[in-house]
Amino acid sequence: MREGGVRWSAPGRTLSLRFCPRTTRRSRFMQTDYDPHAVEREAQAYWMEHDSYRVREDPAREKFYCLSMFPYPSGRLHVGHVRNYTIGDVISRFQRMRGRNVLQPMGWDAFGLPAENAALENRVAPGPWTRENIAYMRSQLKQLGFAYDWSRELATCDPSYYRWEQWLFLRLLDKGLVYRRKAEVNWDPVDQTVLANEQVVDGRGWRSGALVERREIPQWFLKITAYSEELLAALDGLDGWPEAVKTMQRNWIGKSRGVQIRFDIADAAHEPLEVFTTRPDTLMGATYMAVAADHPVAQAAAERDPEVRAFCDSCRQVGTAEEDLEKQEKKGVRLDLEAIHPISGERLPVFVANFVLMAYGTGAIMAVPGHDERDWAFARKYELPIVKVIERAEGEPVDIDAGAFTDYGVLVNSGAFDGLTSADAFDRIAEHLAREGRGAVQTQWRLRDWGVSRQRYWGAPIPIIHCADCGAVPVPESDLPVVLPEDVEFEGVGSPIKKDPAFYETSCPQCGKPAERDTDTFDTFFESSWYFARFACADNDEAMLDERADYWLPVDQYIGGIEHAILHLLYARFFYKAMRDEGLVASDEPFRNLLTQGMVLKDGAKMSKSKGNTVDPQAMIDSVGADTVRLFIMFAAPPEQTLEWSDAGVDGALRFLRRLWKLVHDHVEHGPVDVDAGAPEGLADHHHALRRKLHETLAKVTDDMERRYTFNTAIAAVMELINEIPTCQDGTAEGRAVVHEVIEHVVLMLAPIVPHVTHVLWRELGHGEALVAHDWPAVDERALVRAELEFVVQVNGKLRDRIRVAADADEETIRERALAADNVQRHTEGRTVRKVIVVPQKLVNVVVA
RNA sequence: GCCGGGAUGGCGGAACUGGUAGACGCGCCGGACUCAAAAUCCGGUGGUGGUGACACCAUGUGGGUUCGAGUCCCACUCCCGGCACCA
């Protein structure tokens, strides 16, 4: 049972001696000095012995699912992890004190590239390497005292985990949400292998140094685009998400309304060119066309013209990363074709250009250099005409020679459409084209389907068998999981399972003839797209999810790095909706509230081994203890902001905990406290003042922890409160009782942040029941009463004086007192008072001529 | 290149809804304790001028709105995150 909130002078209390430290079990004398390691050992032993963080589903209690993004087991925790997990732990512990049934699980995002790299470097297979890392990092998390329910731990590299995503993949395949097509990868022609984008450095393979080529291979895709509309619309309902993240996702999904226009080619036998534009109002300014290097028109031209062929080949000598493509110098080659403008009938040259992407829209564009910056730069370079067709509605006329004008405006040089606004012209031109059968209004999305095939070893096998006769055949459910062999030799490049007949040789489930398994593995975002659901029922080997998921989901608070704002969070949202439509979960969105933490920097730069500016949290835990690390990291900056690491700041945190320890020690050493002497009624002024400060602080800290998540200001407020304690150490029983109330509340308020030291201090304060079972204290409204208020007085917005007035003074009185203040008199003397603005509780501004 | 974010003392940061700029901590300076040092405790600490009361300047840069701007608007500089195969 929980001990109630701390109550002071409860009516009818007969025992006035609140505690007797000398008779408390275990500690006859409190340690004089703060010994973080002894304290942390004791607290952790208690939690383990009592299984304090094990949670069970309890429909009678309000649940709170608090989740931090699980780590990739790279070997050791880094400071970013410590920050992420401390934030999650503070929120979890706070919510628990608020009476919620809190689930805080932890697991391992265990598949991924680094294990393969480590395998090459150290000649350890990815499996054992990963599991060793997990064991070490788990011990680190335990040392940090995070309140995880370890019984739910999972690792995505375990077949008991990935079998269910193989199962779901086949369900989605069945449903038509999975398909196979060719798609481009980074190909290293020397190592004969596919490279990840990060393995392409300046266009070359990181190991071989060879120029990377884009190459097409067959891959599996998930139809995330089937959910484009819902993924976009549902963002509006995610009130608990940061605006910045929602904006990024909206832009990523990129819904746009435009017109698909057909341009005939002068050679009547030629297929027409289809383009998509969001600016049909600029159609009359189109002076040339451009197609992607992979566009059939460019490919056909390459057959005829060696120069075009060379250009198209050179376009392939770039990785697949959009950043690389966009940063290239805009180049093109003119084709031996002319397009016909659908309205003017003018002939337009057609280029193949490296800035047109086959993956977006139709792979062809109409270029309007007057009103698009890229088109403008390209036109300048190749001396193509630039025509102004949009004019500003008012103000200076547009100078098209200085640069493209991309705003909306009024049409000029557009024949029958002159004088229309851009918005009207959009509709009129779209109608015109539709009538002529040359175009139609269309919605275009930037979002592309999710390619999930990876040509790598250390991932979950894709449960498909390729049969010469039957094609791609799903592995029967009864044969799942397809287990990844872990006892492999990992040397050189290429995936071991692609060379392992024992893995890939099998028979076709349909016809029984010899067939081969798919040797690709899933993108690791696949695992991280549903792990949060599996934590609800990680032990179920009969089903992916069960009714426990209905109790815990959705996640009430998700915490992770801002770098996951788009990909991970969008894939997880998509997965959740797909799982919902499979009847696996009951809600629409996986994460009700999202907190995106900032990076941790050292000397103004991201920590990295190459820069040699890393901080190892383990060394810190070893020297100053977990509580100090937790305290510093929460005090140094609010969670969403980048955090600048400071060793000096760590010392400051340790010093604070020593002071706190000493404060409690000295207080306890004084012997029992008569708490009734601190009854709120009739306290001396300075005692009432401290008590008011306490309850004001409690109100602020509660708000900071619950609503604002600004733990740095919560800690600062507690420090301020502690700094006021000496005002009441006056040797009176009343002062001592108030100080006692303050100290107990300080320990409670700090409990979510520094759980070990507060656990021990709470016991030293004479409580038989552990702090972990205690509720968050309540604010005593009676303590907040003030007789007087201070107002700041400004003259013309500059601070000139301060006045104290009775709390219930009316505005007229405040105004009079403000005008009468000495320094206000000096600044208003001989000038006319024009206006007096009174801001309640705060300030008076006297406006003079 | 495109999308998102940030910039406040010597440093990390505070100022929550347009209302006291610099809370809290670090560092530094001075003092106490000590044979001495460390640790600890007490006091001071944005800049300039003034013995002082005070005054002026100051939130990346330049403009604007307002009685009042760190906060809102416009333009720019630099830094950070993401860009679909790092996680």
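Here the structure is a predicted model, which means the values were calculated and not measured. Residue numbering restarts at 1 for every chain, and letters A, B, ... go by the order of the sequence lines.
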Counting only side-chain N and O atoms of R800(A), is one of them less than 4.0 Å from OP1 or OP2 of C56(B)? yes
Mind checking if V194(A) touches a base, just sugar-phosphate, or nothing, with heavy atoms under 4.0 Å? base
Salt-bridge test for D188(A) and R207(A): reply yes if a basic N is under 4.0 Å from a carboxylate O, no otherwise. no
Looking at N796(A), I'd like to know whether one of its side-chain N or O atoms comes within less than 4.0 Å of OP1 or OP2 on G68(B). no
Reckon H568(A) has a side-chain N or O less than 4.0 Å from the OP1 or OP2 of A84(B)? no
Please work out whether G25(B) sits syn or anti, treating a glycosidic angle within 90° of 0 as syn. anti
Nearest-Å distance once atom C1' is located in both A7(B) and A55(B): 30 Å
Heavy atoms only, 4.0 Å cut-off, all strands: where does W450(A) land among base, sugar-phosphate and nothing? nothing
Any side-chain N or O of Q641(A) under 4.0 Å from OP1/OP2 of A14(B)? yes
Between the base of C16(B) and the side chain of R707(A), is one N or O donor paired with an acceptor at under 3.5 angstrom? yes
note: K798(A), atom NZ; G68(B), atom P; distance rounded to Å ~ 12 Å
Does G62(B) have a Watson-Crick or wobble mate here (both distances under 3.5 Å), and if so which one? C74(B)
Side chain of E198(A) only, heavy atoms from C-beta on: which candidate in C86(B), A87(B), C85(B) is closest? C86(B)
Show each protein N/O and nucleotides 21-31 of chain B N/O combination with a separation under 3.5 Å, one pair to a line.
residue : atom : partner : partner atom : Å
A23(B)  : O2'  : E720(A) : OE1          : 2.9
G25(B)  : OP1  : N723(A) : ND2          : 3.3
C26(B)  : OP1  : R655(A) : NH1          : 3.3
G27(B)  : OP1  : R655(A) : NH2          : 3.4
G27(B)  : OP2  : R655(A) : NH1          : 3.4

Name the closest nucleotide to the E563(A) side chain, picking from G82(B), A14(B), C83(B). G82(B)
Can a side chain N or O of Q455(A) be found less than 4.0 Å away from OP1 or OP2 on C85(B)? no
Would you indicate, yes or no, if A15(B) has its OP1 or OP2 atom less than 4.0 angstrom from a side-chain nitrogen or oxygen of R708(A)? yes
State which of C80(B), A84(B), G4(B) makes the closest approach to the side chain of M599(A). C80(B)
Of the listed G4(B), U20(B), A84(B), the closest approach to the R448(A) side chain comes from A84(B)
Proximity to the side chain of M248(A) - top-ranked nucleotide from G4(B), A15(B), A87(B): G4(B)
Does a nitrogen or oxygen in the side chain of N823(A) sit under 4.0 Å from OP1 or OP2 of A55(B)? yes
Taking only the C1' atom of each, what is the distance from G47(B) to G10(B) in whole angstrom? 13 Å
